[in-house]
Structures are given as structure tokens and as C-alpha cells.
Amino acid sequence: MTNHQTRCPAPGFLSRTRGGIDVPHDFPAILGDVQDRLARQDFGDARIADYIPALATVPDDRFAMTLRLVDGREYAVGDADIPFSIQSISKVFALVLALRSCGDDLWQAVRREPSGSAFNSLIQIEQEDGIPRNPFINAGAIRVCDLIASRFANPDRSVAEFLGQLCGNREIRIDNEVYLSEDEHGNRNRAIAYLLKSFGKLDNPVEDVVRAYFKQCSVAMTCREMARAALFLANRGTGTDGEPVLSPLENARINALMLTCGMYDGVGDFAFSVGIPAKSGVGGGIIGIIPGEFSVCVWSPKLDQRGNSAAGITALEMLMGAIGRSVF
Ligand code: GLN
């Protein structure tokens with residue numbers, strides 16, 4: 001390999017001009033343009049989540065986007081330093097923690113197929129003998145939490161602490177108001193946990209598991225922190241501090257799961273229009289990655305019918321369009 005080739009940036013960092021010459025992308029201009037275009041767009045009947053009442057207190061016009069390149073550069077627009085409720089984005093990090101401690105045995109507890117159903121559906125649990133379709137629907141995430149509860153000294157905090165370590169801010173907090181609100185309105189998640197238990201597929205008491213689950217969903221982080229925490233997924237399993245988080249093979253598998261199951265029953269449309277592994281949460285955040293290039297986090301609280309951030313999906317579509325990339 002020549003020196004020139006060694007220094008050549010990955011394709012996502014370059015844009016091809018009309019003359020056929022590759023030049024670096026102007027990421028600040030691209031993000032600024034995405035923000036301006038979104039501000040002029042109407043997202044019709046998109047609504048902030050209110051089934052967890054504390055989430056509905058967030059101003060619904062918030063918007064932030066942060067891009068973190070594997071070479072350490074970082075670009076942000078909007079409210080990128082305001083913490084938001086990460087909700088189901090936490091499921092990726094809980095899965096990584098559980099995988100690190102259980103290894104491949106984890107795949108006896110949860111499967112790896114898209115569900116095609118709402119994230120909080122109970123139907124498949126009954127039909128499929130208590131083995132959740134994947135770790136990102138609520139049933140799968142609750143089972144993953146159960147595995148963590150059996151293996152970690154303080155399961156209520158283990159995902160939050162892991163996230164703090166990954167993003168370089170050990171002060172990451174669990175938003176107690178959101179936690180209490182989730183707990184008070186958590187009957188569907190309790191129903192999921194009891195149904196798993198009835199199939200003998202939950203090792204710990206329901207209340208212990210759902211408490212840990214509500215706490216991991218109630219972690220509050222900024223867009224900037226989230227992009228940093230997710231960087232290892234774009235970097236063959238190596239975190240922002242250069243420490244290995246997962247092996248490259250396990251890392252690739254997490255990305256495969258995000259691609260096929262990360263956006264719930266909207267995953268097909270998302271792969272079609274955006275084309276990257278991603279994970280959403282009902283707080284309005286979405287993380288995504290392009291392997292070898294960058295992680296991105298976008299936040300806009302109003303959700304579409306499937307519980308994914310409406311403007312967040314459009315922002316990612318605009319970004320990928322502007323740089324001419326997807327994983328395909
Ligand atoms: N805590 C939320 C719930 O369990 C997470 C759902 C989500 O973000 N999709 O309903």
C-alpha cells in the first residue's frame with residue numbers, strides 16, 4: 001500500500017465534484033442545511049410520546065444532530081448539549097453489556113428476527129413460547145435486562161454506568177422524574193415481563209427486572225454524548241478512548257441487528273430510505289452508524305405512528321443523501 005493510499009480518507013469523508021475530483025465533505029454546511037430544511041418542513045400528525053407522561057413535558061420543537069467521525073472530528077447543530085431521554089436507544093448498550101458477560105449463550109434467550117409488530121406488542125411472546133423475536137423489542141430488552149440482573153452487582157445502574165464510560169462523562173444520570181413516570185405507567189411492560197415469567201423465561205422477580213429496565217430507559221444524555229457512546233459501533237468495536245468494547249465480529253452482529261430490528265416495524269422503510277444500522281427511542285433520539293466512517297445521533301421529540309422520530313428519520317435521510325452514502 002502506498003503512502004497516498006494509507007492517508008486516503010474513507011469514502012464517506014469525501015464528496016465527488018463535477019470534475020470527478022474527491023474533496024472532503026463540508027460537514028458543518030451539510031448539517032446546517034439539514035437543520036434549515038427541517039425547520040421549513042411540516043411533519044403532519046407526528047406527536048411527542050405521552051404514554052409516559054414525563055416525556056410529554058419536553059418542548060416538542062427541540063432539534064439536535066451530532067456526527068462523530070472515527071478520526072475524532074465531531075460536528076453538531078441545534079440543541080446538541082441538552083440531555084434527552086434515551087429510552088430504547090439504551091437497548092443497544094444493554095445488549096452489548098449482556099453479550100460481553102453471556103457470550104453466545106445470549107442467543108438462547110432472544111432471537112434475531114425482525115418482529116414486524118409494535119415495539120411493545122405481547123402477541124409473539126404467546127405464540128413463540130416466551131422467546132422474544134429480538135433484543136430491541138420491549139420483550140427482548142426486558143429479557144436482556146433479566147440476564148444483566150443475574151450477572152451484575154447493581155443492575156439498576158449498570159447500563160447508565162456503561163454509557164458514562166463510553167461517552168467519557170461519568171456523571172451521566174438517570175432522570176428520576178421519567179423513571180417514576182415509566183414505573184407508574186408501566187403496566188404493559190409488566191404484562192410482558194409476567195408473560196415471559198409464565199413461560200419460565202425470566203430468571204429474576206418481575207419487579208426487579210422492570211425496575212432495571214425502566215431505569216436504563218430513563219437515562220438522560222445529550223446528542224453529543226450519544227454520538228460518542230455509539231462510536232465503537234462504527235469503529236470495529238473500539239471506543240472513543242481507544243479501548244475495545246466488543247470484538248469486530250460481535251460488533252458487526254450488533255450492527256446487523258440494528259439494521260434489521262432497530263426501527264421496529266418501520267425498519268424496512270428506514271433501510272430503504274436511509275440505509276444504515278440505527279436504533280430509535282420514544283424520547284425522539286436515533287443513533288446510526290456507517291462502518292469505518294462515523295456515528296450520528298439525531299434528536300427531535302415528535303414521533304411517527306411507529307414510535308420513531310419523524311424529523312429524525314428525515315434528517316438522516318437528508319444527511320445520507322448529501323454525502324451520497326448508505327451501507328449498501
Ligand atoms: N421505555 C419505553 C417503553 O418501554 C421504551 C420504548 C421505546 O423507546 N420504543 O415503552
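Order of appearance sets the numbers: ligands from 1, and atoms from 1 within every ligand.
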Is [X] touching ligand 1 with its side chain, its backbone, both, or neither, if touching means heavy atoms under 4.0 Å apart?
X: Ile89; result: neither
X: Tyr264; result: side chain
X: Arg188; result: neither

Inset, instruction - Specify whether Phe119 and Tyr264 have parallel, tilted or perpendicular ring planes, treating 30° as the upper limit for parallel and 60° as the lower limit for perpendicular. - result: tilted
Inset, instruction - Measure the acute angle between the ring planes of Phe27 and Phe294, then classify it against the limits of 30° and 60° as parallel, tilted or perpendicular. - result: perpendicular
What protein heavy atom sits nearest [atom], and how far off is it?
atom: atom 7 (C) of ligand 1; result: Ser88 OG, 2.5 Å
atom: atom 10 (O) of ligand 1; result: Tyr51 OH, 2.7 Å
atom: atom 1 (N) of ligand 1; result: Gln87 OE1, 2.6 Å

Legend entry - Asn189 touching ligand 1 at heavy-atom level, < 4.0 angstrom: yes
Legend entry - Among Glu293, Glu74, Glu225, salt bridge (Lys or Arg N to Asp or Glu O under 4.0 Å) partner for Arg68: Glu74
Any atoms of ligand 1 less than 4.0 Å from a non-hydrogen atom of [X]? List them with their elements.
X: Gly281; value: 8 (O)
X: Glu182; value: 1 (N), 2 (C)
X: Asn138; value: 3 (C), 4 (O), 10 (O)
X: Phe119; value: 6 (C), 9 (N), 10 (O)
X: Cys217; value: 1 (N)

So, [X] versus [Y]: side-chain donor-acceptor pair below 3.5 Å or not?
X: Gln87; Y: Glu182; answer: yes
X: Asn204; Y: Ser150; answer: yes
X: Arg211; Y: Tyr213; answer: no

Inset, instruction - Considering non-hydrogen atoms only, spot the tightest contact between Cys223 and Phe84 and give its length. - result: N-CE2, 3.7 Å
Legend entry - Partner of Ser90 by side-chain contact (heavy atoms from CB on, under 4.5 Å), out of Gln216, Lys279, Lys215, Met221: Gln216
Legend entry - Lys/Arg cation over aromatic Trp107: Arg112, 6.0 Å, 45° cone: yes
Legend entry - Any N/O pair Ile52/ligand 1 closer than 3.5 Å: no
